[in-house]
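Data block below; observations after.
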Amino acid sequence: MRVIIQSDYQEMSKYAAHMIAEQIKRKPQSVLGLATGSTPLGLYKELIRLYENEGLDFSKCTTFNLDEYLGLTPQHPQSYDSFMKENFFNHINIDPRFSFIPNGQLDPLNLQGIKIYCEWYENEIQKEGGLDVQILGIGANGHIGFNEPGSSFGSRTRIKTLTEKTRQDNARFFDNNIDHVPKYAVTMGIATIMDARQLILLASGNNKALAVKKAIEGPISAMVPASIVQMHPQAILIIDKEAASELEYDW
Ligand code: PGA
């Protein structure tokens, strides 16, 4: 595990963008696992800049997003489908046929339909040869994707109930009203994430410092889903000074 501590959010974002750009230059057909949330916004901004100014070419890439809220249409302004289009896909030359985002319109009561869909998502990743790199944020409760504390390390794409903490944290995108935040999401599992050949986990700000500490200096535990990165042979954490502020070890 490598931990790279950058001075601030912008430097963290640039560093991560540089790594992704190198990956795409090395392998134009890269399969990228993408994340949403506030954390990767700077990374996407920098990748857009590299596309516009330096000709970084996404045309042969395939992308798979980690998760999507259940119950939102793709057109809903807070769906992750909208997020990705608005903050990344609409500004680069990626082929929309090759950008996959989990379907947020599954019927939570149709268990068989959910199972078939989730297996399909897993199979699509496999058909593309697996994820070359998975970008991750980290929840203040240690989640990765929407794998909330207690998620099995063997989990695959499935539906998860969101914790109160996650819904509170995300209420800022829903008129600061937790009642507007969906209760469920469809998310890649932890085993899906761990199959990626490389993990890049980003964290910024004091509110992530404890989660980062628990993830990389604490015991590996299903109660801190991000702690599984300790088991990945190619995991890189790119974090800013604030997110690193609780670390004890001299990384
Ligand atoms: P954030 O979310 O980037 O909006 O802080 C990260 C996460 O919940 O994984």
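Since the structure is predicted, the reported quantities are computational estimates derived from the model, not experimental observations. Both ligands and their constituent atoms are indexed starting at 1 by order of listing.
In this structure, the ring of Phe58 has its center no less than 6.0 angstrom from the ring center of Phe89. Under the 6.0 Å cut-off for aromatic ring centres, Tyr184 and Phe146 do not qualify, their centroids lying 6.0 Å or more apart.
Residue Ile144 does not touch ligand 1, judged by heavy-atom distances below 4.0 Å. Contacts between Arg172 and ligand 1 below 4.0 angstrom, taking non-hydrogen atoms only, involve the side chain exclusively.
No side-chain heavy atom of Thr166 sits less than 4.5 Å from a side-chain heavy atom of Val181.
The nearest protein atom to atom 3 (O) of ligand 1, hydrogens excluded, is given as Thr39 OG1, 2.4 Å; this is a heavy-atom distance. Looking from atom 6 (C) of ligand 1 to the surrounding protein, the closest heavy atom is Ile138 O, 3.6 Å. Protein heavy atom nearest atom 9 (O) of ligand 1, with residue, atom name and distance: His143 NE2, 3.4 Å.
Tyr44 meets the ring pair (Phe, Tyr, Trp, His ring centres under 6.0 Å) test with Phe88; sequence neighbours excluded.
Atoms of ligand 1 lying under 4.0 Å from at least one heavy atom of Gly137, given by number and element, are 9 (O). When each atom of ligand 1 is checked for a heavy atom of Ser38 under 4.0 Å away, the hits are 1 (P), 3 (O), 4 (O). Of all atoms in ligand 1, numbered sequentially from 1 with element shown, those under 4.0 Å from a heavy atom of Gly37 are 3 (O), 4 (O).
Where the criterion is an N or O separation shorter than 3.5 Å, residue side chain and backbone included, Lys208 meets it with respect to ligand 1.
Annotation: the span from Asp250 atom CG to Ile5 atom CD1 amounts to 8.0 Å, rounded to 0.5 Å.
In the model, Asp57 has a side-chain atom that pairs as donor or acceptor with a side-chain atom of Ser59 under 3.5 Å.
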Which pairs would a plain distance check flag for residues 16-31, meaning a side-chain donor or acceptor within less than 3.5 Å of a matching protein atom at least two apart in sequence or in another chain?
| from | atom 1 | to | atom 2 | distance (Å) |
| --- | --- | --- | --- | --- |
| Gln23 | OE1 | Arg26 | NH2 | 3.0 |
| Gln23 | NE2 | Ser30 | OG | 2.8 |
| Lys27 | NZ | Asp132 | OD1 | 2.9 |
| Lys27 | NZ | Asp132 | OD2 | 2.8 |
| Ser30 | OG | Gln23 | O | 3.4 |
| Ser30 | OG | Lys27 | O | 2.6 |

